[in-house]
Number of protein chains: 2
Amino acid sequence: MDKFDRKILVALHENGRLSFAELARRVNLSAPAVADRVEKLERSGVISGYRAIINPEKLGYPIQCVIELTVKNLEYYGVVDKLKAMPEIIACDSITGSSGLMIRVAVDSMSTLQEVIARLMQYGDTKTSMVIDQPVPPRIPALREDD
Amino acid sequence: MDKFDRKILVALHENGRLSFAELARRVNLSAPAVADRVEKLERSGVISGYRAIINPEKLGYPIQCVIELTVKNLEYYGVVDKLKAMPEIIACDSITGSSGLMIRVAVDSMSTLQEVIARLMQYGDTKTSMVIDQPVPPRIPALREDD
DNA sequence: CGTGAAACTGATGCAGC
DNA sequence: GCTGCATCAGTTTCACG
């Protein structure tokens with residue numbers, strides 16, 4: 001993990017479809033050198049995949065919110081399966097603290113949101129917050145473009 | 001947005017580096033047809049970019065947590081700039097409710113976490129939860145592979 | 001790690017349906 | 001709007017220094 005690896009990660013985080021040739025130009029290395037480094041980053045698990053970023057808003061799901069779900073422990077694993085089966089849920093983290101689950105939801109309307117919350121209330125207490133904005137978009141930890 | 005567009009989105013969400021030729025094979029269309037559809041999805045904003053998925057754990061930041069920060073309104077915009085300057089913060093959402101900010105942090109150690117929390121406490125009350133697991137990994141809203 | 005050449009693959013435009 | 005083909009550019013991947 002030197003300066004070149006960091007540059008590669010930053011570049012691929014910003015545009016995951018860069019070719020090795022193009023990547024090589026941006027980080028000032030040769031294409032084979034870059035290909036070699038990327039392969040190592042992939043095999044070591046630092047890069048775990050590549051993904052198209054999809055905008056739920058443009059897909060017809062303009063409302064996003066975060067729901068903290070306080071589950072009763074016994075039902076825990078069953079709940080997770082139910083959550084996986086709900087297409088409105090676009091992410092879910094298991095966390096410490098009373099809540100237990102931090103769920104992210106994207107819906108088309110408030111009435112759908114109401115239905116989702118009603119279903120989640122079967123499994124425990126919910127605390128819902130609407131997502132207004134993303135002041136810090138997803139980024140790489142401790143890697144700024146300072147070279 | 002028909003069945004083919006959905007297949008394309010699912011495929012590119014799973015592997016953002018697929019070539020048009022390879023994508024065409026997977027969705028049973030010709031390469032030019034796929035290229036055309038992808039370009040439209042990009043221009044309409046449904047696909048807003050491509051990104052390498054980077055594993056903070058393998059980068060030396062094995063600890064992740066979510067911090068709800070209840071800020072005093074007056075300081076709000078100043079706070080966001082401070083957050084952007086903190087490399088340990090890998091994402092941040094502005095949300096409704098008392099908290100106001102939902103911050104995601106990746107750190108190398110508990111002592112670093114302690115420092116981060118200490119800094120955030122300058123701006124308001126904090127509620128920290130450790131992220132244990134990701135039962136539902138990030139996915140596309142309402143698009144299941146049902147074709 | 002860089003260079004240069006060779007081979008390949010994918011992208012693109014057009015005719016035709 | 002899609003297909004199939006042909007062409008062309010670009011990238012990947014060697015071997016070698």
Side-chain angles (χ1 to χ4, degrees), chain A residues 1-61 108 139-147, chain B residues 1-56 58-60 138-147:
Chain A
M1 277 300 303
D2 58 5
K3 153 187 161 186
F4 290 114
D5 281 338
R6 281 191 287 274
K7 279 188 172 185
I8 288 170
L9 288 178
V10 170
L12 284 178
H13 187 257
E14 181 194 289
N15 181 356
R17 274 177 88 81
L18 289 176
S19 67
F20 292 144
E22 179 60 27
L23 200 49
R25 282 174 217 123
R26 303 205 183 184
V27 305
N28 290 316
L29 281 177
S30 68
V34 164
D36 195 45
R37 282 168 178 269
V38 171
E39 197 209 324
K40 283 181 182 133
L41 288 168
E42 289 172 353
R43 305 216 308 174
S44 67
V46 174
I47 296 176
S48 60
Y50 302 87
R51 186 160 279 171
I53 308 302
I54 287 158
N55 192 340
E57 199 173 330
K58 293 295 173 62
L59 256 183
Y61 305 93
D108 59 344
R139 61 183 188 184
I140 310 176
L143 288 180
R144 287 176 292 181
E145 301 183 53
D146 45 17
D147 296 63
Chain B
M1 276 301 303
D2 59 4
K3 153 186 162 187
F4 291 114
D5 282 337
R6 281 191 286 275
K7 279 189 172 183
I8 288 171
L9 288 178
V10 170
L12 284 178
H13 187 255
E14 182 193 288
N15 183 357
R17 273 178 88 82
L18 290 176
S19 67
F20 292 143
E22 178 60 29
L23 200 49
R25 283 174 215 125
R26 304 205 183 183
V27 305
N28 291 317
L29 280 177
S30 67
V34 164
D36 195 44
R37 283 168 176 270
V38 171
E39 197 208 325
K40 281 180 182 133
L41 288 168
E42 290 173 352
R43 302 215 310 173
S44 68
V46 174
I47 296 176
S48 61
Y50 302 87
R51 189 163 275 170
I53 308 301
I54 287 159
N55 192 339
K58 293 296 173 62
L59 255 183
R139 63 184 187 182
I140 308 176
L143 288 180
R144 286 175 293 181
E145 300 183 55
D146 45 16
D147 297 62

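No hydrogens, no waters, no symmetry mates; every other heavy atom, side chains included, goes into these values. Note on naming: letters A, B, ... go to the chains in the order of the sequence lines (proteins, then strands), and numbering restarts at 1 for each one.
Residue contacts shown for Ser19(B) are limited to sugar-phosphate atoms, with no base heavy atom under 4.0 Å away. Across all strands shown, Arg25(A) has heavy atoms under 4.0 Å from sugar-phosphate atoms exclusively, and none from any base.
Listed nucleotides: dT12(C), dC1(C), dG4(C). Nearest to the side chain of Pro32(B): dT12(C). The Ala21(B) side chain lies nearest to dA11(C) when the options are dA11(C), dC1(C), dC2(D). Checking dC2(D), dC1(C), dT12(C) against every side-chain atom of Ala31(B), the shortest atom distance belongs to dT12(C).
Shortest non-hydrogen contact noted between Gly16(A) and Tyr50(A) is O-CD2, 3.6 Å.
Rounded to an integer number of Å, the gap from Phe20(B) CZ to dC2(D) C1' is 16 Å. What separates CG of Leu18(B) from C1' of dA11(C) is a distance of 15 Å, to the nearest Å. For the pair Leu29(A) CG and dT12(D) P, the computed distance is 14 Å after rounding to whole Å. Between the CE atom of Met1(B) and the P atom of dG1(D) there is a distance of 16 Å, given to the nearest Å. Here the P atom of nucleotide dA11(C) and the CZ atom of Arg17(B) are 12 Å apart, to the nearest Å. In this structure, Asp36(B) places its CG atom 8 Å from P of dG1(D), rounding to the nearest Å. To the nearest angstrom, P of dC2(D) lies 13 Å from NZ of Lys3(B).
At least one side-chain heavy atom of Met1(A) sits less than 4.5 Å from a side-chain heavy atom of Leu59(B). At least one side-chain heavy atom of Arg37(B) sits under 4.5 Å from a side-chain heavy atom of Leu29(B).
Here Ile47(B) contributes atom CD1 and Ile8(B) contributes atom CD1; the two are 8.0 Å apart, rounded to the nearest 0.5 Å.
Closest-nucleotide positions on DNA chain C for Glu22(B) and Ser30(A) were compared, and the one nearer the 5' end corresponds to Ser30(A).
Side chain of Arg51(B) to backbone of His13(A): a donor-acceptor contact under 3.5 angstrom is found.
The phosphate of dG1(D) has neither OP1 nor OP2 within less than 4.0 Å of any side-chain N or O from Arg37(B).
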